[in-house]
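Treat the numbers as computed from the prediction; the structure is a model and nothing was measured.
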Amino acid sequence: MKVNISLKNVHRSLWPGNCLLCAARAPAGEDLCPACERSLPRTESACPRCAAHGAGMEIEGVSRGACQTHPPAYTSARAAFRYATPVDKLIQDLKYHDRLELSRLLGGYLANHLQALVDPLPDVVVPVPLHSSRLRERGYNQSLEIARFVAQSLELPINWKDAQRIRPTIPQTELPREQRRKNVRGAFMTGGAFAGRRVAIVDDVMTSGHTANALAESLLRSGALEVRVWVVARA
Ligand SMILES: [Zn+2]
Ligand SMILES: [Zn+2]
């Protein structure tokens with residue numbers, strides 16, 4: 001596997017740092033101590049279409065095989081982790097507590113997961129855009145920060161300019177399940193740059209899948225040949 005060397009990585013490999021989760025001493029060049037590394041909720045037996053774990057089972061009253069009865073606009077979805085401890089905390093820290101350095105860690109795990117799957121690679125990577133009002137408030141788009149590392153590791157171009165969130169949406173987690181589809185419907189606008197391209201959408205978390213689906217629908221309307229979804233964690 002190809003390893004990208006950034007100045008920060010060089011620094012960490014020369015001087016052992018502390019675990020980003022528990023602050024114990026981490027091995028040289030590693031972001032997590034061995035115990036935290038082992039505790040990560042890696043994805044096993046996920047649905048290849050929607051990345052739901054335990055596909056075919058009923059969880060919280062919702063069938064995890066739902067993608068078969070209502071096929072999404074995207075062709076496949078891949079998640080490095082289940083959205084569970086401690087990955088949920090890492091993502092929340094990246095999103096809400098300005099811990100931008102975690103995008104390198106989470107993007108690295110996602111890239112490693114994708115490399116292990118040996119799926120055919122897309123032509124371009126597109127982070128799920130934030131609305132300009134949310135971007136101003138937060139100062140950065142965590143999906144773009146994660147996507148940068150994924151694109152760099154897989155040596156793919158990234159395009160964050162031709163996909164926009166054209167209206168503000170309520171965070172999906174704050175809405176009841178039945179309102180989530182409507183909340184993001186028509187929320188995205190994508191440009192002709194995606195015509196004839198195979199696209200991979202990158203996001204931090206996928207919960208209902210409606211956000212990824214709305215963006216995938218827009219990309220397909222823009223002429224994309226195929227859309228896949230890559231997320232750090234699947235709820
Ligand atoms: Zn630790
Ligand atoms: Zn599925």
Side-chain angles (χ1 to χ4, degrees), residues 19-22 31-32 35-67 70 72 74 76-114 116-117 125 127-130 134 138 140-147 149-150 169-181 183-184 200-216 228-235:
C19 172
L20 291 175
L21 270 166
C22 74
D31 287 314
L32 299 182
C36 287
E37 168 81 29
R38 277 193 302 275
S39 77
L40 296 174
R42 294 176 194 281
T43 304
E44 283 151 31
S45 69
C47 172
R49 185 71 189 264
C50 72
H53 22 274
M57 281 161 35
E58 188 125 320
I59 297 171
E60 290 170 10
V62 178
S63 166
R64 304 317 299 251
C67 69
H70 302 285
Y74 48 81
S76 67
R78 304 283 185 237
F81 300 111
R82 286 176 284 118
Y83 190 64
T85 316
V87 167
D88 52 357
K89 185 183 182 304
L90 289 170
I91 290 175
Q92 285 161 21
D93 281 352
L94 165 62
K95 243 165 139 162
Y96 304 117
H97 301 121
D98 294 330
R99 290 193 61 192
L100 265 174
E101 79 277 14
L102 294 176
S103 58
R104 175 170 56 91
L105 176 73
L106 296 171
Y109 278 116
L110 178 52
N112 287 352
H113 180 70
L114 294 165
L117 288 170
V125 169
V128 172
L130 289 182
R134 179 74 47 77
R138 189 172 295 165
Y140 56 92
N141 175 359
Q142 75 283 351
S143 299
L144 168 58
E145 299 308 318
I146 292 166
F149 287 101
V150 174
T169 51
I170 301 164
Q172 292 286 73
T173 48
E174 292 174 17
L175 286 173
R177 194 174 291 277
E178 61 276 9
Q179 287 177 27
R180 290 179 180 178
R181 181 183 292 273
N183 182 44
V184 290
I201 295 172
V202 171
D203 208 356
D204 51 348
V205 186
M206 179 166 164
T207 305
S208 64
H210 292 319
T211 302
N213 199 60
L215 180 55
R228 290 180 237 164
V229 181
W230 293 345
V231 294
V232 173
R234 177 69 155 96

- If every non-hydrogen atom of Asn141 is compared with every non-hydrogen atom of Pro129, which pair is closest and at what distance? ND2-CA, 3.8 Å
- Would you indicate whether the side-chain heavy atoms of Arg78 and Pro48 approach each other to under 4.5 Å? yes
- Measure the spacing between CD of Gln142 and CG of Asp93 and express it to the nearest 0.5 Å. 12.5 Å
- Note on the structure: The reported gap from CG in Leu117 to CG in Asn112 (rounded to nearest 0.5 angstrom) is 11.0 Å
- Tell me, do Leu110 and Trp230 make a side-chain contact under 4.5 Å, heavy atoms counted? yes
- Message: Please find the pair of heavy atoms, one from Tyr74 and one from Cys50, that lie closest to each other, and give the distance.
- Response: OH-CB, 4.1 Å
- Side-chain contact test, heavy atoms from C-beta onward, threshold under 4.5 Å: evaluate it for Pro41 versus Pro86 and give yes or no. yes
- What heavy-atom pair brings Ile146 and Gly107 nearest, and what distance separates the two atoms? CG2-CA, 3.9 Å
- Message: Regarding Glu44 and Arg42, does a basic nitrogen lie under 4.0 Å from an acidic carboxylate oxygen?
- Response: no
- Query: Is there side-chain contact between Phe149 and Leu106, with heavy atoms separated by less than 4.5 Å?
  - Reply: no
- Distance, nearest 0.5 Å, that separates OH of Tyr109 from CG of Leu90: 9.0 Å
- Straight-line distance of Tyr83 OH to Thr173 OG1, nearest 0.5 Å: 8.0 Å
- Please walk me through it: do Leu130 and Tyr140 pass side-chain contact (heavy atoms from CB on, under 4.5 Å)? CA-CA 9 Å; Leu130 289 182; Tyr140 56 92; over 6 Å; no
- Determine the minimum heavy-atom distance between Val125 and Ala147, stating which atoms define it. CG1-CB, 4.1 Å
- Message: Nearest 0.5 angstrom please: Ser143 OG to Lys95 NZ, how far?
- Response: 7.0 Å
- Check whether any side-chain heavy atom of Gln179 lies under 4.5 Å from a side-chain heavy atom of Ile170, and answer yes or no. no
- Close side-chain approach of Pro72 to Cys67, heavy-atom, < 4.5 Å: yes
- Item | Asp203: which of Val231, Val232, Leu215 passes side chain to side chain contact (heavy atoms under 4.5 Å, CB included) | Val231
- Item | Close side-chain approach of Ser208 and Arg181, heavy atoms under 4.5 Å | no
- Query: Between Arg234 and Thr207, is there a donor-acceptor pair closer than 3.5 Å when you use the side chain of the first and the backbone of the second?
  - Reply: yes
- Message: Test your reading of the model: is there a side-chain donor-acceptor pair from His113 to the backbone of Ala79, 3.5 Å cut-off?
- Response: yes
- Item | Under 3.5 Å donor-acceptor, Arg99 side chain and Gln92 backbone | no
- For residues Leu20 and Leu105, determine if any side-chain heavy atom of one lies less than 4.5 Å from a side-chain heavy atom of the other. yes
- Identify the residue among Gln172, His210, Glu174 that makes a side chain to side chain donor-acceptor pair (under 3.5 Å) with Asn183. Gln172
- Task: Specify the closest pair of heavy atoms between Leu40 and Phe81, including all atoms of both residues, with the distance to one decimal.
- Result: CB-CE2, 3.7 Å
- Item | CG on Leu94 to NZ on Lys89, rounded to 0.5 Å | 11.5 Å
